There are 2 protein chains.
Amino acid sequence: MLKTSIEMDKAASILKLLGDKTRLTMMKILDKHDCCVCEFVEIFKTSQPSISQHLRKLRDIGLVKEERRGQWIFYSINKSNEYYPFIEQILNQLPSQDDKLKELEEQGARITCC
Amino acid sequence: MLKTSIEMDKAASILKLLGDKTRLTMMKILDKHDCCVCEFVEIFKTSQPSISQHLRKLRDIGLVKEERRGQWIFYSINKSNEYYPFIEQILNQLPSQDDKLKELEEQGARITCC
DNA sequence: TGAATATATAAGCAAATCATTATATAATGA
DNA sequence: TCATTATATAATGATTTGCTTATATATTCA
């Protein structure tokens, strides 16, 4: 049987995680491009521990996954998560954040780092 | 021009409000039926001030509106809110909460009160 | 191997959140 | 008018959150 709805508990905890501008923007970016921690540090102009902590929350609940590539750890959306369709519908309604990555590229930060 | 996306700031603050099980359930119920405060007190088995405070948050950001009917104040979804389509897509993915109102009816609480 | 880079984690702290208790306001009905 | 009912608001306190600083771990490269 196709699962058409999500439990309220789980939905609330996912929405709570998405209810933070940094994490919401991260998810929107990750929905299109994998990113490493240092890119997020650049994009959000905040500390590395702060970024790591946000990513950990997203990972703990299964929304993103990590993969080491040499020195860097890349994060990506976990599209096989059972709640991904729920999240996708939300992300689809948000404005593209591609400009943030483009800015990184222009300042050479994307290439240098990853 | 049709507005197809929502600012990230606003989206995050809406998701934050929805990221609480009580408020999320309230919104799902209100999406189908108007309700008064005392009904929510029954449904959530919590204090009246707690319910009022949740409703105030939803009202402050424009997601619900209130209307006095005699002794009672009824809350309803503010469908003319510019962000309603965003919220609706989320609510549509959640399981019906009609059973909660049905329970109230069975125990006479819906009729007695409102 | 040792320095540099990328990341995670722990500890501490200020601010936000959510419930509770107490109180105020508004409407109803005897 | 007075008691009751419904609701809002204020004050308080415990918990959670998100940041910072400090430190640990893992990888790369000279």
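Chain letters run A, B, ... following the sequence lines, proteins first and then strands; every chain starts at 1. Here the structure is a predicted model, which means the values were calculated and not measured.
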Pairing residues for [X] by the side-chain contact (heavy atoms from CB on, under 4.5 Å) criterion, not counting sequence neighbours:
X: Q89(A); value: Q89(B), Q93(B)
X: P85(A); value: none
X: K102(B); value: E106(B)

Starting at atom [atom1] of [X], determine the distance to atom [atom2] of [N], rounded to an integer number of angstrom.
X: W72(A); N: dA26(D); atom1: CH2; atom2: C1'; value: 13 Å
X: Y75(A); N: dT7(C); atom1: OH; atom2: C1'; value: 8 Å
X: L17(B); N: dC18(C); atom1: CG; atom2: C1'; value: 13 Å
X: E67(A); N: dT7(C); atom1: CD; atom2: P; value: 13 Å
X: I51(B); N: dA8(D); atom1: CD1; atom2: C1'; value: 13 Å
X: K16(B); N: dC18(C); atom1: NZ; atom2: C1'; value: 13 Å
X: E42(A); N: dT7(C); atom1: CD; atom2: P; value: 12 Å
X: D20(B); N: dT16(D); atom1: CG; atom2: C1'; value: 13 Å

Residues 17-30 of chain B vs salt bridge (Lys or Arg N to Asp or Glu O under 4.0 Å), sequence neighbours excluded, gives D9(A)-K21(B)
Could you tell me whether the side chains of S80(B) and N78(B) share a donor-acceptor contact shorter than 3.5 Å?
-> yes
Considering just the side-chain nitrogens and oxygens of S50(B), establish if one lies under 4.0 Å of OP1 or OP2 belonging to dC18(C).
-> no
Establish, with yes or no, whether the OP1 or OP2 oxygen of dT20(C) is under 4.0 angstrom from a side-chain nitrogen or oxygen of T46(B).
-> yes
Pull out every protein N or O sitting under 3.5 Å from an N or O of nucleotides 25-30 of chain C, one pair per line with the distance.
none

Please list, chain by chain and in numerical order, all residues satisfying side-chain hydrogen bond (donor to acceptor under 3.5 Å, both in side chains) with [X], sequence neighbours excluded.
X: S52(A); result: Q48(A)
X: R59(A); result: E66(A)
X: K65(B); result: none
X: K16(A); result: none

Can you name the residues that form a salt bridge (charged side-chain N to carboxylate O under 4.0 Å, His left out) with E88(B), not counting sequence neighbours?
-> none
Would you give the length of the straight line joining atom CE of M26(A) to atom CG of L55(A), rounded to the nearest 0.5 angstrom?
-> 4.0 Å
Of residues 22-31 of chain A, the positions that come close to DNA chain C - non-hydrogen atoms, cut-off under 4.0 Å = none
Positions of residues 52-59 of chain B (non-hydrogen atom under 4.0 Å from DNA chain C), listed by number | Q53(B), H54(B), K57(B)
Assess whether one donor atom and one acceptor atom, taken from the side chain of Q48(A) and the base of dA6(C), lie less than 3.5 Å apart.
-> no
Consider the side chain of I73(B), meaning its heavy atoms from C-beta on, and name the nucleotide among dA8(C), dT7(C), dA8(D) that approaches it most closely.
-> dA8(D)
Partner of dA30(C) by Watson-Crick or G-U wobble geometry, both contacts under 3.5 Å, or none?
-> dT1(D)
When you measure from the side chain of Q53(B) to the backbone N and O of S50(B), does any donor-acceptor pair fall under 3.5 Å?
-> no
With sugar-phosphate meaning primed atoms plus P, OP1 and OP2, does K21(B) contact a base, only sugar-phosphate, or nothing at under 4.0 Å between heavy atoms?
-> nothing
